[in-house]
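Right, one structure below, let's go through it.
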2 protein chains.
Amino acid sequence: MAVSERTSKLPTHEVVYRRIREMVLFGELAPGQPVTIQGLVGDLGAGMTPVREAIRRLTAEGALEFQGNRRVCVPVLTLSQLDELSFARQSIEPRLAHLAAQRATPEDIAHLEAVDEALNRAIERGDVRGYLQHNHRFHEDLYALAQARILASLAGMLLLRVGPSLRVVCGRFGTYGLPDRHRDALDAMRAGDADGVARAIGEDLQQGIDQIRQSLLAG
Amino acid sequence: MAVSERTSKLPTHEVVYRRIREMVLFGELAPGQPVTIQGLVGDLGAGMTPVREAIRRLTAEGALEFQGNRRVCVPVLTLSQLDELSFARQSIEPRLAHLAAQRATPEDIAHLEAVDEALNRAIERGDVRGYLQHNHRFHEDLYALAQARILASLAGMLLLRVGPSLRVVCGRFGTYGLPDRHRDALDAMRAGDADGVARAIGEDLQQGIDQIRQSLLAG
DNA sequence: CAGCGGAATATTTGATCATATCCTGCCCGT
DNA sequence: ACGGGCAGGATATGATCAAATATTCCGCTG
């Protein structure tokens, strides 16, 4: 019991890690919010050790941040950090998309289209959480096709760093139209146009970054 | 005692982390070598909890790798992973070098020149460990000047992933002439030529990558 | 007499450890 | 070759210690 779904053989620290990761990614933890070990121990019903390990891992990935005095919180992005993230994502993710496009089978594409479908429905429904989940899923699954574990893990870390801010943006502006470059990417993918896929993904993530930038500037 | 230098206020898990990190970086742990918690507990004289946390952190950074069945080892690079690393480093590090060049003061440059001096002496001495240490130091200190924490942390992770293999290469071929693009970088830096610095660093790390590739191909 | 500053204390949270439990892989007997 | 024990090592817990923050209380000043 506790830690709810103990999905059989997964170790506790892994379960806890994923749980907290989702909390960061989908906005259950807001930027700036302090994260205490004992709080999580209480909320997740796990022991200290697994929680500790999960936090260390997430800290290494940049999803959480050491606040000097051995306290941990969700990082707040500055404009210059956003520039760094923009540069890094533009460097890595289009390449991953390119590789993925070269390897994608029709079934893979169909799967991604299904995810994108669900994403659009979430937007229409005004379901922020669903939007974030499916958007993340889309990129994650796309990059998984590239069979480039190192680059994919880098992309995952970058996603993790934008997550909380994206959530804030959506909370502020709702899920209104991101024109959805995913469609462009999928069309290019079907056409075997890897460069086009890379370009579409680049534009897609640029939109996200720009929205966050707007939000930061508006303060 | 134990954990040797307990540099006063640093928590044990931090000390342990740095220690293991160095072991990975400078070849005390070879690629493929299994890493056991209890082994490290014995070697470093620390408790299990700090060691566990350090390992989780290093695993997240790609310095160590889960071997499925809850065993951990130093990762062995494949050719395709080396390509990923090459791409990622070429994307990130020249940019960091460029930023660093724009911000560097004469004192900063002097410091880097001193490190490069020490590096060259280590090469002449045939001191592999010293070479690796100063080379790492050079890049680390250079990137620190860029004041771009996120990009620098990415670069650090990439460095960690090449570390063990670089060590193997040096062990095999000795410290014979890497023509030292550092000199070029430093000259460009003094001249205020940020693009030149970026180019030199790009060539520098490409040389390292190529050497590892040679080594992998030679088997 | 009211408000303020600061020292001492209380409480909250993090760090570490020793220990108990559980897996995994290996070795042996059949 | 198959299956069951055995040993080594990983995981997880709770207790204990230490540190940092919040709180309280007292004496002082305006």
Side-chain angles (χ1 to χ4, degrees), chain A residues 1-21 23-24 28-30 32-76, chain B residues 1-21 23-24 29-30 32-75:
Chain A
M1 49 127 269
V3 188
S4 38
E5 345 297 312
R6 174 105 182 215
T7 325
S8 67
K9 274 214 287 248
L10 246 33
T12 308
H13 64 82
E14 181 71 31
V15 176
V16 170
Y17 164 77
R18 296 187 188 187
R19 185 84 190 74
I20 303 178
R21 182 190 164 98
M23 290 168 89
V24 171
E28 282 169 68
L29 294 172
Q33 181 170 339
V35 173
T36 80
I37 291 181
Q38 311 204 358
L40 290 171
V41 167
D43 293 351
L44 305 182
M48 308 190 52
T49 317
V51 170
R52 239 157 176 321
E53 291 180 44
I55 286 181
R56 282 280 131 54
R57 218 171 135 188
L58 288 159
T59 303
E61 289 174 337
L64 299 176
E65 201 174 41
F66 258 149
Q67 193 118 24
N69 316 333
R70 68 193 200 168
R71 211 146 291 193
V72 170
C73 71
V74 183
V76 181
Chain B
M1 51 128 272
V3 190
S4 40
E5 345 295 311
R6 173 107 184 215
T7 326
S8 67
K9 273 216 286 251
L10 247 32
T12 308
H13 62 83
E14 182 70 31
V15 176
V16 170
Y17 164 76
R18 295 187 189 186
R19 185 84 189 76
I20 304 179
R21 182 190 163 97
M23 291 169 89
V24 171
L29 294 172
Q33 182 171 337
V35 173
T36 78
I37 291 180
Q38 310 207 341
L40 289 170
V41 166
D43 293 350
L44 306 182
M48 308 193 57
T49 316
V51 171
R52 262 163 105 46
E53 290 181 44
I55 285 181
R56 284 280 128 63
R57 218 171 134 187
L58 288 160
T59 303
E61 288 174 337
L64 299 176
E65 201 173 42
F66 258 147
Q67 194 112 22
N69 315 331
R70 64 195 200 169
R71 212 148 289 192
V72 170
C73 71
V74 183

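Proteins get letters first, then strands, A, B, ... in listed order; numbering begins at 1 in each.
The closest side-chain heavy-atom distance from A:I37 to A:R52 is below 4.5 Å. The shortest distance between side-chain heavy atoms of B:L40 and B:T36 does not fall below 4.5 Å.
Atom CZ of A:R21 and atom CE of A:M23 lie 14.5 Å apart (nearest 0.5 Å). Remark: A:F66 CZ to B:E14 CD distance equals 7.0 Å, nearest 0.5 Å. For the atom pair CZ of B:R57 and CD1 of B:I20, the computed distance is 10.5 Å after rounding to the nearest 0.5 Å.
With the nearest nucleotide of DNA chain D identified for both B:V35 and B:T49, B:V35 has the one nearer the 5' end.
With sequence neighbours excluded, no residue forms a salt bridge (charged side-chain N to carboxylate O under 4.0 Å, His left out) with B:R70. With sequence neighbours left out, the side chain to side chain contact (heavy atoms under 4.5 Å, CB included) criterion links B:Q33 to B:L29, B:A30.
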Collect all protein-nucleotide pairs involving nucleotides 19-26 of chain C in which both atoms are nitrogen or oxygen and the distance is under 3.5 Å.
{"unit_1": "C:dC23", "atom_1": "O4'", "unit_2": "B:R70", "atom_2": "NH2", "d": "2.9"}
{"unit_1": "C:dC23", "atom_1": "O2", "unit_2": "B:R70", "atom_2": "NH2", "d": "3.2"}
{"unit_1": "C:dG25", "atom_1": "OP1", "unit_2": "B:N69", "atom_2": "ND2", "d": "2.1"}

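Between B:F66 atom CZ and D:dG9 atom C1' the separation is 13 Å, expressed in whole Å. Separating the CG atom of B:L10 from the P atom of D:dA19 is a distance of 13 Å, rounded to the nearest angstrom. Look at CG on B:L40: it is 16 Å from P on C:dT16, rounded to the nearest Å. Atom CD of A:Q67 and atom P of C:dG14 are 12 Å apart (whole Å). Atom CZ of B:R52 and atom C1' of C:dA15 are 15 Å apart (whole Å). Between A:I55 atom CD1 and C:dT16 atom P the separation is 14 Å, expressed in whole Å. Here the C1' atom of nucleotide C:dC17 and the CD1 atom of B:I37 are 14 Å apart, to the nearest Å. For B:H13 and D:dA18, the NE2 to C1' distance is 13 Å, given to the nearest whole Å.
Residue A:T36 has no polar side-chain atom (N or O) positioned under 4.0 Å from OP1 or OP2 of C:dT13.
No N or O donor and acceptor, one from the side chain of B:Q38 and one from the base of D:dG8, sit under 3.5 Å apart.
Closest to the B:P50 side chain, of the nucleotides C:dT16, D:dT11, D:dA12, is C:dT16.
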